[in-house]
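Reading through the structure tokens given below for one structure.
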Amino acid sequence: MSETKHTSRRRAALMAASLAIAGAAGSAQARLAPGDDPFYQYTGDTPLENIAPGTVLKTRTVPYHVVGFALPIKTTQLLYRSTGQLGQPTVNVTSVIQPVFALGRQKLISYQSFYDSLNPDDEPSYAISGGLTLGGLIPNVETALIAPFLSQGYSIVISDTQGQRANFAAGREYGMNTLDSVRATFNSPAVGLAGDTKVALVGYSGGAIATEWAAELAPSYAPDIDRRIVGSSMGGVLVHPAHNLHYVDGSAVWAGIMPMAIVGVSRSFQVDLTPYLNDYGKQLSERLKKASIINVLAQYPGLTWASIAKPEYATPERIPVFVELANDLIMGTGGTPSAPLLIRQGAGGELEGTLGNKPGIGRGDGVMIAGDVRTLARDYCSRGVKVQYGQSELLSHVGAAAVWIPETLVWVNDRFAGRTAPQNCANIAPGNPLDPIPAP
């Protein structure tokens, strides 16, 4: 009897060791940086332009990781065909996290991360597969935001919204990457979603860029996904990027976003904006070309456009190519969402060191402008969209998120339950003009 027990224990120990070694090997493979990981590369013979957006090109299963620690949650990662800011065919990666227990009809949340980074290694798929970077800590923190949905039986899809080049602030590309990741999720036999599954789009800050653009592009770019969308919830919304550059100019916490945006826009539109920068501006752009938002917050207090641009370009509006690109990134210019919207915006930006007294801009949450968001909401109302808008007068960007999170959970549950979407269009105060910048 004792011999049998001893043999059983040895077998159990050997099995545990084998599983540990296999798990370690799998984690080591998953932790390859995206630039070195063959999974992120398309190697097929069919030209990408001949492959439909949302087509699954590769599939793998990894444990869901939090700060490098594996959790027993099934995660399917998909390499899929998508579209870049200029309309070019691209490939991208998304991660589909499925609940341990799920009862009733399947439900999908497309959660857009606010990982805001110029470094491809900071993308959510790498953090989820076990990679560790400073900027990648943001997707790890967001585990707490998606956990309530997982606990209720939702599946969650989290795409690398900025694409494999980390095209920071490229709104249309964010939206197309998001929509194609949802397409890929439905196209994947490994995920196995039912054909009648509905989806809600959810994102805050950088995630709101992806969420909003996906919502407005869906009817034209992805009508197959548009009919599945029950609603989109967003908070801290970047509506008119040129306005935001002026808003954060000289601010205490958010001023470093300016050079990040210059690098991101240059990269996504494949243009060179450095000829318009002075020596310090060029040095800063070079320094930040792989920076995360974590690398700039509160680290460039008082930084101004004038301090990084050549004197003849005293404002960014004096640069013709900037005007063209910035106008292309104004929200609401790509279409009209079909499903209801929940929008939350803070207006207490002074708490984060950004004054709200600039003419034509007014108050915001420190980085996003409340007047711009109100005008977008009112515009969508006028087009027949059900919009529930909430403005937190005394809360900044971070503080307003604490209101948006539980608000979103209730609102999303109601959309999947088929309840009538609330709207307060008649009570949304007028905001700022969102006119395109005139050519210089």
Side-chain angles (χ1 to χ4, degrees), residues 22-65 70 74-98 110 113 115 117-133 135-136 139 157-168 170 172-193 210 221-222 224-225 264 267-270 289-290:
S27 296
Q29 182 180 12
R31 283 198 298 268
L32 285 172
D36 299 322
D37 190 339
F39 181 77
Y40 288 78
Q41 302 166 20
Y42 173 63
T43 56
D45 294 329
T46 304
L48 276 179
E49 58 266 25
N50 296 336
I51 298 175
T55 299
V56 177
L57 304 172
K58 291 182 182 180
T59 302
R60 72 179 178 188
T61 301
V62 299
Y64 183 89
H65 290 76
K74 178 188 175 183
T75 302
T76 305
Q77 293 195 320
L78 308 171
L79 181 75
Y80 63 96
R81 154 66 155 98
S82 193
T83 306
Q85 183 71 27
L86 299 177
Q88 75 275 26
T90 62
V91 296
N92 197 40
V93 172
T94 196
S95 304
V96 187
I97 306 134
Q98 295 183 271
S110 177
S113 171
Y115 67 104
S117 179
L118 293 165
N119 187 348
D121 291 349
D122 292 341
E123 54 200 16
S125 64
Y126 184 47
I128 287 169
S129 68
L132 290 175
T133 65
V157 55
I158 304 175
S159 69
D160 297 342
T161 53
Q162 297 180 196
Q164 294 198 11
R165 287 165 50 87
N167 289 339
F168 175 66
R172 292 176 188 266
E173 182 170 347
Y174 280 30
M176 291 183 287
N177 281 335
T178 297
L179 292 168
D180 287 329
S181 79
V182 177
R183 276 174 162 158
T185 300
F186 281 106
N187 289 335
S188 170
V191 174
L193 288 180
Y221 180 76
D224 52 317
I225 298 303
R267 186 182 295 171
S268 57
F269 285 96
Q270 298 178 26
K289 66 182 181 181
K290 282 197 172 183

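Between E123 and the options P139, S159, P34, S95, a side-chain contact (heavy atoms from CB on, under 4.5 Å) holds for only P34. Each of Q162, E173, Q85 was evaluated against N167; a single residue qualifies, E173, per the side-chain hydrogen bond (donor to acceptor under 3.5 Å, both in side chains) test. Tested against Y80 for a side-chain contact (heavy atoms from CB on, under 4.5 Å), the candidates N177, N187, V91 yield a single pass: N177.
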Please report the C-alpha distance between F186 and D224 in whole Å, then the side-chain angles of each, then the deciding distance to 0.1 Å, and finally whether the side-chain contact (heavy atoms from CB on, under 4.5 Å) criterion is met.
-> CA-CA 10 Å; F186 281 106; D224 52 317; over 6 Å; no
Report the C-alpha distance between V93 and Q164 in whole Å, list the side-chain angles of each, state the deciding distance to 0.1 Å, and finish with yes or no for side-chain contact (heavy atoms from CB on, under 4.5 Å).
-> CA-CA 8 Å; V93 172; Q164 294 198 11; 4.2 Å; yes
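Note that OG1 of T83 is 2.5 Å distant from OH of Y221, once rounded to the nearest 0.5 Å. In this structure, OG1 in T185 is found 10.5 Å from CG in D180, a value given to the nearest 0.5 Å. Rounded to the nearest 0.5 Å, atoms CZ (R165) and CG (N92) are 12.5 Å apart. A distance of 10.0 Å separates CG in N119 from OH in Y126, rounded to the nearest 0.5 Å. In this structure, S268 OG and L86 CG are separated by 7.5 Å, a value rounded to the nearest 0.5 Å. Rounding to the nearest 0.5 angstrom, the gap separating the CG atom in N50 from the OG1 atom in T55 is 11.0 Å.
Nearest approach of L48 to L57, heavy atoms of both residues: CD2-CD1, 4.3 Å. Contact detail for S125 and Y40: the closest heavy-atom pair is OG-OH, 2.7 Å. Here the closest non-hydrogen pair linking Q98 and V191 is NE2-O, 3.1 Å. Scanning both residues, T161 and Y115, for their nearest heavy atoms gives N-OH, 3.4 Å. What you find for S110 and V182 is that their closest heavy atoms are OG-CG2, 3.7 Å. G35 approaches D121 most closely through the heavy-atom pair N-OD1, 4.5 Å.
Considering only residues two or more places apart in sequence or on other chains, T59 meets the side chain to side chain contact (heavy atoms under 4.5 Å, CB included) condition with V56, T76, L78, A190. Every salt bridge (charged side-chain N to carboxylate O under 4.0 Å, His left out) that R172 has, sequence neighbours left out, goes to D328.
A 4.5 Å side-chain heavy-atom check between R183 and I225 finds at least one atom pair inside the cut-off. Residues P53 and M176 are not in side-chain contact: their nearest non-hydrogen atoms beyond the backbone lie 4.5 Å or more apart. Residues R81 and T46 are not in side-chain contact: their nearest non-hydrogen atoms beyond the backbone lie 4.5 Å or more apart.
Surrounding NZ of K58 are more than 12 heavy atoms belonging to other residues, nucleotides or ligands, all under 6.0 Å away. No more than 12 heavy-atom neighbours from other residues, nucleotides or ligands sit within 6.0 angstrom of NZ on K290.
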